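So you know, we letter chains A, B, ... as the sequences are listed, proteins then strands, and number each from 1. For clarity, every value in this text was computed on a predicted model and none was experimentally measured.
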Amino acid sequence: MSNSSRDKIRVRFAPSPTGKVHIGNIRTAIFNYLFARNAGGEFIIRVEDTDLERSTQDAIDKLFECMEWLGLDYDGELFYQSKHAEKHIAAAEELISKKRAYRPKQKVAGEKVPVLFRIPWDTDNNPLVQVVGDVEIVVHSEEEITISSSGISYAQVSKKRKPIPTAAALAGFHHLKIVDADENILFDLDDKIEAILENNESFSVTGAAKFAFERREVFFEDIIKGRLAKPLDTMKDLVIVRSDGSPVFHLANVIDDATQEVTHIIRGDDHVENTYRHLFIFQALEKEAPQYGHMPMIVNHQGKPLSKRDGDAFVGDFRDKGFLASALFNYLAFLGWSPGDEREKMSKNELIEAFSIERVLSSPAKFDGAKLANINGHYIAELATANFAEKIANFAKETERVEFTNWAESNSDQFCKVAELMQMRTKMLSDIDSWGYFYNSTIKYNEKDLKKTIKPELIPLLENLKAKLTNLASFADMEIDKALRETETESDLPEGRLNRPFRVVITGSGSGADLVTSAAIIGKDKVIARLENICKGA
RNA sequence: GUCCCCAUCGUCUAGAGGCCUAGGACACCAGGUUUUCAUCCUGGUAACAGGGGUUCGAAUCCCCUUGGGGAUGCCA
């Protein structure tokens with residue numbers, strides 16, 4: 001398979017549509033995407049919907065919505081794993097005929113049995129396997145040991161001397177000698193291996209004290225983590241076809257990766273242990289295995305993997321909360337990776353340009369919403385004003401903020417002014433929820449600010465201000481400012497003293513955007529009405 | 001239990017044996033700019049998990065300990 005079709009890098013994103021797309025999954029997609037695009041390779045999608053019971057069309061739709069939102073464009077035709085089940089089953093049959101897989105004996109006649117892949121016994125010249133050395137492990141002497149072609153079952157000894165049932169594939173126990181407490185050899189695997197493998201015989205041993213054998217390990221070079229290895233005596237034969245005839249993930253995954261000629265697999269850390277098995281399956285099928293890279297997971301503030309419990313771990317939720325796709329993309333790319341210089345804010349194209357798999361870290365990263373919000377603020381700040389206005393208008397519409405949408409559409413002049421005024425201080429699109437004072441006839445007062453700021457002795461001044469504002473011919477920034485200053489002067493107040501009270505009166509809160517501009521945008525009628533309301537109520 | 005992986009400020013990270021008195025960013029604190037608010041600017045607090053080696057020299061290499069995570073499904 002070393003033809004030209006393999007010269008081109010091809011990676012895949014292989015989500016299983018059993019729920020909403022998780023932030024961790026989409027980060028994996030982003031890294032794959034960046035890797036492929038950086039190398040001028042292909043980024044393809046495979047929908048792993050073999051678990052028909054839990055897969056839903058809705059989840060698939062949401063997935064593509066999120067990918068489009070983030071700008072994760074993919075190559076080629078969509079590949080639905082469920083449509084290739086025949087190929088998977090055929091591969092299983094091929095493995096059986098090659099004696100690389102088997103069906104276990106039925107316990108009762110007519111019982112449906114699965115197909116197991118055999119961890120290969122003959123590993124003498126296997127490039128995947130290396131000899132580690134001779135080892136001994138202690139076994140619990142009261143438990144019976146059984147040895148058959150499907151593996152060895154025995155019991156390890158816990159600290160409290162209790163038996164811990166353990167099963168392992170035969171392959172891990174070359175030159176196994178089972179001995180009792182007096183070092184008498186109870187069983188020598190070298191003598192029996194042919195009978196076990198060829199004639200399917202099985203043996204049992206009692207009263208054993210320990211195993212002595214040559215440990216071998218399966219290993220591979222991970223493009224992120226370096227050399228990774230696992231002792232064969234800790235591996236078990238694995239189910240590749242269920243008793244009901246459906247193919248299992250391990251089989252389907254390998255077959256599809258071979259079919260789609262995937263060259264590199266970048267996936268979560270949690271798949272490391274699967275990789276050893278997948279490598280064996282590729283080998284048994286005589287297919288070229290891809291390169292693997294395992295990236296660290298993202299964890300929450302407690303250091304636990306992000307889960308559904310964290311609530312905000314769904315990609316769509318980030319959009320609904322008012323994050324920009326570009327900001328999320330940027331932030332996620334920097335979780336477990338950095339360009340090595342001091343850049344922090346990078347566009348998709350800059351990320352593609354700078355990405356290198358070697359710079360991916362292998363330690364897990366905590367998700368920090370505050371930093372995301374900060375980045376988001378920067379992205380919002382640099383939007384052209386018109387673009388910002390359009391974004392929030394769309395956001396309001398998509399998230400069904402009806403009042404806001406009605407206002408924005410019927411008062412587009414005012415809306416544009418507000419957008420221009422508020423852009424610099426907007427961290428998330430959902431901040432528009434606090435813009436109500438610009439257009440609502442009644443406003444909510446922050447009780448604390450109100451109490452602290454509006455003292456009874458200020459009421460006459462506000463009355464005075466109201467009178468001045470009422471007489472204003474043009475309700476413009478400068479005029480409002482002048483009225484404010486005059487009111488202060490007439491009462492011997494220092495300049496600016498009335499700013500905060502006035503702000504609380506017209507916006508309901510002690511902090512906000514530029515005061516007189518805000519007042520001008522809110523408009524004469526509403527400002528006067530709010531002044532009146534406060535003066536009356538006090 | 002067993003196997004595997006990981007370990008630098010609170011967080012994301014820079015760091016490839018001497019450029020490290022450990023750099024940047026977020027967060028936090030203080031000051032300045034702003035007649036108000038925010039932005040912004042300046043400054044500050046803050047880390048190599050612990051212990052052994054190797055070396056003239058260790059955040060960096062090795063070992064152990066500790067802590068965290070993952071795997072151990074007829075889920076993916």
J.: Which whole number of Å gives the distance between the C1' atom of U11(B) and that of G1(B)?
T.: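 That atom pair is separated by 34 Å.
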J.: Whole angstroms only, please: what is the CZ-C1' distance between R485(A) and U35(B)?
T.: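 Result: 5 Å.
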J.: Do R500(A) side-chain and C37(B) base share a donor-acceptor contact under 3.5 Å?
T.: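 Check fails, no donor-acceptor contact within cut-off.
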J.: For R242(A) and A76(B), is the shortest distance between a side-chain N/O and OP1 or OP2 below 4.0 Å?
T.: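 Yes, within the criterion.
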J.: Using purine N1 to pyrimidine N3 plus N6-O4 or O6-N4 for Watson-Crick, or N1-O2 and O6-N3 for G-U wobble, each under 3.5 Å, what pairs with U11(B)?
T.: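 With both distances under 3.5 Å, U11(B) matches A25(B).
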J.: Answer yes or no on whether K321(A) is positioned over the face of F318(A), meaning its NZ or CZ is under 6.0 Å from the six-membered ring centre and within 45° of the axis.
T.: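 Here K321(A) passes the 6.0 Å and 45° test against F318(A).
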J.: Look at the side-chain N and O atoms of K236(A) and state whether any lies under 4.0 Å from the OP1 or OP2 oxygen of G73(B).
T.: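 Yes, K236(A) has a side-chain N/O under 4.0 Å of OP1/OP2 on G73(B).
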J.: Are F117(A) and R277(A) side-chain neighbours, meaning at least one heavy-atom pair lies under 4.5 Å?
T.: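 They are not in side-chain contact.
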J.: Using a cut-off of strictly less than 4.0 Å between a heavy atom of the residue and any atom of RNA chain B, enumerate the qualifying residues of residues 248-255 of chain A by number.
T.: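 When residues 248-255 of chain A is checked for heavy atoms under 4.0 Å from RNA chain B, the hits, listed by number, are V248(A), F249(A), H250(A).
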J.: Salt bridge or not between R227(A) and E217(A)? Use side-chain N to carboxylate O under 4.0 Å.
T.: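 Counted as a salt bridge, because a side-chain N and a carboxylate O are separated by less than 4.0 Å.
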J.: In whole angstroms, how far is the C1' atom of C3(B) from the CG atom of L228(A)?
T.: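 Those two atoms, CG and C1', are 12 Å apart.
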J.: Within the 4.0 Å limit for protein heavy atoms, which parts of nucleotides 14-24 of chain B are touched? Write it as a string from 5' to 3', B for base, S for sugar-phosphate only, - for none.
T.: SS-------SB
J.: Tell me the partner of U42(B), counting only Watson-Crick (N1-N3 plus N6-O4 or O6-N4) or G-U wobble (N1-O2 and O6-N3) with both under 3.5 Å; none if nothing fits.
T.: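 Base partner found: A30(B).
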J.: Within the 4.0 Å heavy-atom criterion, would you say L372(A) contacts the bases, only the backbone, or no part of the nucleic acid?
T.: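 Nothing, no heavy atom under 4.0 Å.
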J.: Touch check for G336(A), heavy atoms < 4.0 angstrom, all strands: base, sugar-phosphate only, or nothing?
T.: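 Sugar-phosphate, backbone atoms only, no base.
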J.: Can you name the one residue among F220(A), F219(A), F280(A) that meets side chain to side chain contact (heavy atoms under 4.5 Å, CB included) with L128(A)?
T.: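 Among F220(A), F219(A), F280(A), the one meeting side chain to side chain contact (heavy atoms under 4.5 Å, CB included) with L128(A) is F280(A).
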J.: Looking at D341(A) and R343(A), is there a salt bridge between them, counting it only when a charged N and a carboxylate O are closer than 4.0 Å?
T.: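 Salt bridge present between R343(A) and D341(A).
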J.: Would D58(A) and T56(A) satisfy side-chain hydrogen bond (donor to acceptor under 3.5 Å, both in side chains), going step by step from the backbone distance to the final call?
T.: CA-CA 5 Å; D58(A) 185 54; T56(A) 65; 5.2 Å; no
J.: Starting from P on U35(B), measure out to CZ on F502(A) and report it in whole angstrom.
T.: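 Spelled out: CZ on F502(A) to P on U35(B) is 17 Å.
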J.: Ignoring hydrogens and angles, answer whether the base of U35(B) and the side-chain atoms of R497(A) contain a donor-acceptor pair closer than 3.5 Å.
T.: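 In this structure, the two groups form no donor-acceptor pair.
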J.: With sugar-phosphate meaning primed atoms plus P, OP1 and OP2, does D244(A) contact a base, only sugar-phosphate, or nothing at under 4.0 Å between heavy atoms?
T.: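 Result for D244(A) = nothing.
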J.: May I ask you to say what K225(A) touches in the nucleic acid, namely base, sugar-phosphate or nothing, with a heavy-atom cut-off under 4.0 Å?
T.: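 The answer is sugar-phosphate, as K225(A) gets under 4.0 Å only of primed atoms, P, OP1 or OP2.
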J.: Heavy atoms only, 4.0 Å cut-off, all strands: where does A229(A) land among base, sugar-phosphate and nothing?
T.: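 Answer is sugar-phosphate: A229(A) comes under 4.0 Å of backbone atoms only.
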J.: Would you indicate what L515(A) reaches in the nucleic acid, counting non-hydrogen atoms under 4.0 angstrom: base, sugar-phosphate, or nothing?
T.: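 Since a base atom lies under 4.0 Å of L515(A), the category is base.
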J.: Roughly how many Å is it from CG in D270(A) to P in C6(B), rounded to a whole number?
T.: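 One finds 15 Å between P of C6(B) and CG of D270(A), rounded.
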J.: Which one is paired to C75(B), where only Watson-Crick or G-U wobble pairs with both distances under 3.5 angstrom count?
T.: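 When the pairing criteria are applied, nothing turns out to pair with C75(B), so the answer is none.
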J.: Quick one, T487(A) with N464(A), criterion side-chain hydrogen bond (donor to acceptor under 3.5 Å, both in side chains). Give me CA distance, side-chain angles, the key distance, then yes/no.
T.: CA-CA 7 Å; T487(A) 312; N464(A) 186 11; 4.7 Å; no
J.: Base, sugar-phosphate, or nothing for P114(A), non-hydrogen atoms under 4.0 angstrom?
T.: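 If one applies the 4.0 Å heavy-atom cut-off, P114(A) turns out to touch a base.
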J.: For D514(A), which contact category applies under a 4.0 Å heavy-atom criterion: base, sugar-phosphate, or nothing?
T.: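 Base, at least one base heavy atom under 4.0 Å.
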J.: Hey, is the side chain of S243(A) pairing donor to acceptor with the base of C74(B) inside 3.5 Å?
T.: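 Indeed there is one.
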J.: Check E420(A) with K417(A), please: is the shortest side-chain N to carboxylate O separation under 4.0 Å?
T.: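 No, K417(A) and E420(A) are not salt-bridged.
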J.: Just to verify, what does T259(A) make a side chain to side chain donor-acceptor pair (under 3.5 Å) with, not counting sequence neighbours?
T.: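 For T259(A) there are no side chain to side chain donor-acceptor pair (under 3.5 Å) partners, ignoring immediate neighbours.
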J.: When the distance from CZ of F211(A) to C1' of U2(B) is rounded to whole Å, what number comes out?
T.: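 My rounded result for the distance is 14 Å.
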J.: Give the C-alpha distance, both sets of side-chain angles, the deciding distance and a yes or no for side-chain hydrogen bond (donor to acceptor under 3.5 Å, both in side chains) between H22(A) and N25(A).
T.: CA-CA 5 Å; H22(A) 193 268; N25(A) 296 137; 4.7 Å; no
J.: Checking R27(A) against F31(A): charged group under 6.0 Å from the ring centre and within 45 degrees of the axis?
T.: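 Pair R27(A)/F31(A) counts as cation-pi.
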J.: Is there a Watson-Crick or G-U wobble partner for A49(B) with both distances under 3.5 Å, and if so, which one is it?
T.: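 Looking at the geometry, A49(B) pairs with U65(B).
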J.: Given D256(A), which partner from the list K87(A), R12(A), H84(A) fulfils the side chain to side chain contact (heavy atoms under 4.5 Å, CB included) test?
T.: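 When K87(A), R12(A), H84(A) are each tested with D256(A), the side chain to side chain contact (heavy atoms under 4.5 Å, CB included) holds only for H84(A).
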J.: In whole angstrom, what separates D269(A)'s CG from U72(B)'s P?
T.: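 Computing the D269(A):CG to U72(B):P distance gives 14 Å.
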J.: Please report the distance, rounded to the nearest Å, between CE in M295(A) and C1' in C5(B).
T.: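 It works out to 15 Å between those atoms.
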J.: Under 4.0 Å, counting only non-hydrogen atoms across every strand here, what does A365(A) touch: a base, just sugar-phosphate, or nothing?
T.: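 Contact class for A365(A): sugar-phosphate only.
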J.: Hey, is the side chain of N374(A) poking within less than 4.0 Å of OP1 or OP2 on A25(B), counting only N and O atoms?
T.: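 The answer is no; no side-chain N or O of N374(A) sits under 4.0 Å from OP1 or OP2.
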J.: Let's test this: given Watson-Crick or G-U wobble pairing with both distances under 3.5 Å, identify the partner of G18(B).
T.: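 Here G18(B) is engaged in a pair, and the nucleotide opposite it is C56(B).
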J.: Would you mind reading off the distance between R277(A) atom CZ and G70(B) atom C1', rounded to a whole angstrom?
T.: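 Roughly 13 Å, once rounded to whole Å.
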